[in-house]
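All residue numbers refer to positions in the sequence shown, counting from 1.
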Amino acid sequence: MSTTITSSKMEFKSHKVFRYTLAGRPLVLETGKVAGLANGSIMVRYGDTVVLCCATASAKPRDGIDFLPLSVDFEERMYAAGKIPGGYLKREGKPSEKAVLTSRVIDRPIRPLFPKDLRNDVALTLTVMSVDHDCEPEVAAMIGASAALAISDIPWNGPISGVHIGLVGGKLVVNPTEAERKVSDLELTVASSTKKVVMIEAGANEVPDDVMYEAIMLAHKENQGVLEFINAIVDEIGKEKFDYPSCDLDHDMFDKVFEAFEKDIMEALDTDDKTVRDAKMVPIMDAIVEKFGEEYPEIGDIMEELIYKLQKKIVRRWLLVDKKRVDGRAMNQIRPLTAEVSILPRTHGSGLFTRGQTQVLTVATLGTLDEAQMLDGIDNDTEKRYMHHYNMPGYSTGEAKPTRSPGRREIGHGALAERSLVPVLPSTEEFPYAIRLVSDVVSSNGSTSQGSVCGSTLALMDAGVPIKAPVAGISCGLITAEDGSWDTMIDIQGLEDFYGDMDFKVAGTHKGITSIQMDLKIDGLTPEIIKQALEQTHAGRDYIIDEVILKAIEAPRAEVSRYAPKMTTMHINPDKIREVIGKGGSVIQKIVADTGAKIDIEDDGTIRIAAVNGDQAVAAKAAIDAIVFEPEVGAIYDATVVKILASKDKPNEDVGCFVEYAPGKEGMVHISKIANRRINKVTDAGIDVGSSVKVKYMGLDKKGRMDFSIKDAQ
């Protein structure tokens, strides 16, 4: 008996391909061929970059939460760049830092556009399958994520679009190529809706405010074409959005509680001390349960969300109507500031920056360049010498919780501070060190990321890192009304961040901006709001630099800490590298053992010496100098006679003598070049082994041997 297996050819009847040109390169969105079980899926092709973007949602809301459970995962497949993952397992592990940061950049513009009362799990999975380094996968993933959500049945008020802007040779460039990015003074990502800017992320080489504003507006304009493209796709194949049970609070209950406890909550909020405010809220929450618990039995379970919205209503009313801030400041007033350096005696550099109840301690550590971080990702970056890590332990907010590995927020804040300082760091040639900064938030009441920027400037200067200019960071908040009116405020604290509409973080020097990160809770910003935020933050960082940072430390230390490694850089002829290393590394190992220094040799002949103290570095350099030393024709050197060479054929005559003209370097002086008269013995000229003499290097003789003269040096 035989078995016959048959099959028919698969037909993708819903397969659609849509084409657009973005920054002169083809952008192709495909759907209906792969990932058909997702709520929405788009295969994005931008040049040869390919990203599969899938949006899925749970059928029912998640119980017991008061937020949208949205996850955005940017997944790098190493095969996309033709690489096999490093490490023992040889498969992708936890996301790279760049993947985490990209996930955050895409999450921020997408999240505010979901309905506020949606509690269904929503997952965006963005898988990079092919990389064309001229067409960044981050841009393709953002556009693909937006398109996948827009055509899906998931409730969402998009689409959005995003592009990168570079500044190459003073000219703004949309989606710069890899070669252009290497020389660009700006790395800006802007996401937009059809009317407003919804996200800004930037790293910049001290770019002026007006140039940054122009770049943001250029990106916003470029985004409009992509949005028209996506909307046309939605019109053709978009699904009807599904219905969902609203998880909003009972409005009648909220109104009753607000009427009963409005004055009590206002009194509790009216303080600049977070601990006092929190303490005053505890009896109010107990009173709410006692008064309304019988009428609304679930009120205890939803207390956190209820209190959040009660406080939010009051704080927003104060800001909009009364122009009153919780701590009594004016809208353009920064909290009290202090700064100190050299807090820790044995570290290489430390700075403590305090702004109100936000306090960040940053510590700088200097190391050799071989301690730079190795990178294993889908782009062409293989290492970085400057690392910035951010930690926010539970005690910083008064919470009793165990310490965990850094999450996306910690990674993001560390990267933001890192990006803020990179433009002012000295080059490797100027300062041959790897640099690690650790910012520990020891007290938190808003804007800790920008506090870590300020603390980092202090720590770098204290460590003797010759930065080009001090950098300060500050945030700008926003409050908007239904009638379209709005106002901004400088240096937002925790409540203003929670209940306001924007956290616009800007870091920079007096000269210009080095980083921007903008978080929104509304549907976007107008050009007028962006311009005012840039103006306010510039004034704020100028004040912090002049009145706080430079008064704590006027300039970088002239020398690195006594506990930091001492670095010496030298260059030798690459042909001499083999001599310095020696057979089986014997020569270099002996130098290291004798001096205690650490020595790194590069293929171009650059040698970097690191030692605990300067004497060790000097000794190691002297040993290498001796090995690679080459005398200059016509130059005169102090030498020591180390051997007299007697003639084998004529017992009463000498051939000449050997002299050591440099440590470990010897050459011969023929008997005819010892004195200005004829002599048979070296000793006839009053010279013996151990004698100090001056010798002149005459060059190479006819046999290619080094030729020295004593008589010509006199």
Subject >> Residue pairs, two or more places apart or on separate chains, that pass salt bridge (Lys or Arg N to Asp or Glu O under 4.0 Å) and touch residues 137-154 >> reply: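 Passing the test, one end in residues 137-154: Lys98-Glu138.
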
Would you mind checking if [Y] and [X] are paired as a salt bridge, meaning a charged N to carboxylate O distance below 4.0 Å?
{"X": "Asp519", "Y": "Lys505", "answer": "yes"}
{"X": "Glu30", "Y": "Lys16", "answer": "no"}
{"X": "Lys182", "Y": "Glu187", "answer": "no"}
{"X": "Glu410", "Y": "Arg408", "answer": "no"}

**OP:** Verify side-chain contact (heavy atoms from CB on, under 4.5 Å) between Ile151 and Lys239, making sure each step is shown before the conclusion.
**Re:** CA-CA 6 Å; Ile151 67 171; Lys239 301 176 184 177; over 6 Å; no

For a 4.5 angstrom cut-off between non-hydrogen side-chain atoms, does [X] reach [Y]?
{"X": "Arg316", "Y": "Asp501", "answer": "yes"}
{"X": "Val226", "Y": "Tyr20", "answer": "yes"}
{"X": "Leu249", "Y": "Ile302", "answer": "yes"}

**OP:** Examine Lys312 relative to Phe498 and say whether NZ or CZ is less than 6.0 Å from the centre of the six-membered ring and inside a 45° cone about the ring axis.
**Re:**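 Judged by the rule, Lys312 and Phe498 form no cation-pi pair.
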
**OP:** Determine the interplanar angle of the Phe18 and Phe229 rings, folded into 0 to 90°, and report it as parallel if under 30°, tilted if 30 to 60°, perpendicular if over 60°.
**Re:**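 Geometry flag for Phe229 against Phe18: perpendicular rings.
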
Original post:
Does anything in residues 375-395 pair up under ring pair (Phe, Tyr, Trp, His ring centres under 6.0 Å), and if so which pairs, sequence neighbours excluded?
Top reply: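 Sorted result for residues 375-395: Tyr390-His413.
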
